[in-house]
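Working notes, beginning with the structure itself.
Convention: sequence-line order gives letters A, B, ...; per-chain numbering from 1.
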Amino acid sequence: MMDRTKKIVLGMSGGVDSSVAALLLKEQGYDVLAVYMKNWEEQDDEGVCTSAADYEDVRRVSDTLGIPYYTVNFAQEYRDRVFSYFLAEYSAGRTPNPDVLCNCEIKFRAFLDFAMGLDAAALATGHYARLEETGGQRRLLRAADLSKDQTYFLAGLSQAQLQKAMFPIGALQKREVRRLAEHAGLVTAKKKDSTGICFIGERNFKRFLMQYLPATPGDMVDLNGSVIGRHDGLMYYTLGQRRGLGIGGMAMGSGESWFVIGKDLDRNLLIVQQGEREELYSLGLRAEKVSFVAGNAPSKSFACTAKFRYRQTDQPVRVTMHGAGCTMDFETPQRAVTPGQWAVLYDGDVCLGGGPIDETRALRPIRIGGRTL
RNA sequence: UGGGGUGUCGCCAAGCGGUAAGGCACGGGACUUUGACUCCCGCAUUCGUAGGUUCGAAUCCUGCCACCCCAG
């Protein structure tokens, strides 16, 4: 058992979840130190600095609970370890998931180091996930509230990182979290959940990217190579995307919506298709780097379930290891599996780990102008 | 300047004398610690234009304009 008089550093965002995490830790008798991370220096689209308001909420909740609070700034680390990767991936035509990396590199690395430097026994966060101890090993389990489960974003964490982690609200339902916050008189009780890239927040995504990546407009073409329209730059679109293409009805069309089914970086072409057809689906994928929470793969080849994006229902897959990477074969074809996104593996409620998708095996390969994409 | 055809929301498209379907696009919202997907709501007092017939027209008649096709 952990000594409850010991110090716990809690990452507080100014939202309900971390507020209630603070409440629970405090009630359990821990010596809680609330720390607000400011990892992004700019204002949002409306020119509002939301971090000031969030920090104010951290202050009020901390005061209500009678715990000390501080702020740390990892903006430099965030830019170097997360945002630069984020931009590089988009430039390469992929669609990265910065929040998975943020957990690995910022919250549970830079911030964890900071907490350990303060002699904390553990670093707690308001994530919806559970930890289980089995023979000195820690397992990462889905949250009790499956609709809020955030293990997808935590799948890249190592055993060493999880050994120092605590997720106080992981066993609660979201509604219970709100109820506890309300009963404790926490100002964040009814605060709307925040979304968007963590630390950057909700943005007009295309406009945001345009500030960092130069636009290189080009043609949008269909499977026949016919020009259907113009795109503003390949990095502003992702596989399976519908909105923002601006393609309306056409005399010869089926009346269905158009979707992005591929990118040809060499020729700067965005491949689009009307309706959800086989070209949008894949049978498997390859990931060059996969990490496992346990430290290594359960075996050379194993069956489990996987998610290829947050909040997707688990899909049965067969994983075959190849060195540090693996291939996954899907039981049923999957829609818009996208390079850059993470494939996260589960064995029942246990999150095994995962890695960024590098390549997919198409159900029906796309050929444009004699070239296979 | 002979003949024929067509002009309805940004695009496609119903309507054929009784008071403007639908789809796509777009906008807004919901959902959501990535990007997407999805879902919900909104979106032509007006039918190329000017007159006429009629209780009443986008629908009938006439002129004009535009575009397309066939002949020249």
Side-chain angles (χ1 to χ4, degrees), chain A residues 11-18 37 39-40 50 54 78 82-83 85-87 89-90 92-107 125-129 143 145-156 167 169 174 191-209 213 220 228-230 234-261 263 270 272-276 280-281 307-313 334-344 354 356-357:
Chain A
M12 266 187 86
S13 65
V16 229
D17 299 332
S18 54
M37 276 186 282
N39 297 344
W40 190 251
T50 55
D54 286 337
Y78 188 81
V82 178
F83 202 62
Y85 155 86
F86 171 81
L87 293 181
E89 286 283 277
Y90 268 109
R94 307 185 5 144
T95 307
N97 185 327
D99 290 358
V100 175
L101 197 63
C102 175
N103 283 321
C104 298
E105 296 297 326
I106 307 300
K107 289 178 186 157
T125 64
H127 281 109
Y128 281 89
D145 187 337
L146 292 176
S147 70
K148 297 300 295 183
D149 176 53
Q150 290 174 315
T151 49
Y152 180 85
F153 293 108
L154 300 167
F167 304 127
I169 63 165
K174 180 76 186 195
K191 189 172 174 179
K192 190 183 188 314
D193 289 352
S194 67
T195 58
I197 300 173
C198 84
F199 298 120
I200 295 178
E202 292 189 67
R203 305 279 181 150
N204 174 313
F205 201 76
K206 189 170 170 186
R207 223 188 302 151
F208 175 70
L209 268 185
L213 299 173
M220 291 193 325
I228 304 298
R230 295 283 292 172
L234 293 182
M235 63 287 271
Y236 306 137
Y237 306 83
T238 190
L239 293 187
Q241 181 172 335
R242 165 155 88 93
R243 310 203 76 170
L245 300 182
I247 309 173
M250 295 171 66
M252 296 296 102
S254 64
E256 295 168 286
S257 297
W258 290 75
F259 297 91
V260 173
I261 59 170
K263 297 181 181 184
L270 187 70
V272 295
Q273 182 177 44
Q274 188 164 32
E276 305 211 349
L280 204 47
Y281 290 78
K307 292 183 195 296
F308 310 110
R309 53 172 51 71
Y310 180 50
R311 288 176 67 77
Q312 174 184 29
T313 348
Q334 297 298 307
R335 181 188 184 283
V337 175
T338 309
Q341 290 289 296
W342 270 56
V344 174
I357 297 162

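Within the 4.0 angstrom heavy-atom criterion, no nucleotide atom of any strand lies near F86(A). Within the nucleic acid shown, R309(A) comes within 4.0 Å of at least one base atom, counting heavy atoms only. The residue K148(A) sits close only to the backbone: its heavy atoms come under 4.0 Å of sugar-phosphate atoms, none of a base. Residue-level contact check: Q312(A) touches neither bases nor backbone, having no heavy atom under 4.0 Å from any strand. Contact annotation for S254(A): no contact, since no heavy-atom pair falls under 4.0 Å across all strands. Within the nucleic acid shown, L101(A) has no heavy atom closer than 4.0 Å to any nucleic acid atom. Residue contacts for S257(A): at a heavy-atom cut-off of 4.0 Å it reaches the sugar-phosphate backbone alone, with no base atom in range.
In this structure, D17(A) does not pair ionically with K148(A), as no charged nitrogen and carboxylate oxygen lie closer than 4.0 Å.
Closest contact between the side chain of R242(A) and the listed nucleotides rG27(B), rU32(B), rU38(B) involves rU38(B). Closest approach to the P98(A) side chain among rA30(B), rG27(B), rU34(B) is made by rU34(B) (side chain taken as heavy atoms from C-beta onward). Nearest to the side-chain atoms of D99(A) among the listed nucleotides rU33(B), rU32(B), rA36(B) stands rU33(B). Comparing rA36(B), rC31(B), rU33(B) by their nearest atom to the side chain of K192(A) picks out rC31(B).
A sub-4.0 Å separation between OP1 or OP2 of rG35(B) and a side-chain N or O of Y90(A) is absent.
Atom CH2 of W342(A) is separated from atom C1' of rG35(B) by 16 Å (rounded to the nearest Å). Between Y78(A) atom OH and rU33(B) atom C1' there is a gap of 10 Å when expressed in whole angstrom units. Between the CG atom of L209(A) and the C1' atom of rU34(B) there is a distance of 11 Å, given to the nearest Å.
For rU32(B), there is no paired nucleotide, since no Watson-Crick or G-U wobble pair has both relevant distances below 3.5 Å.
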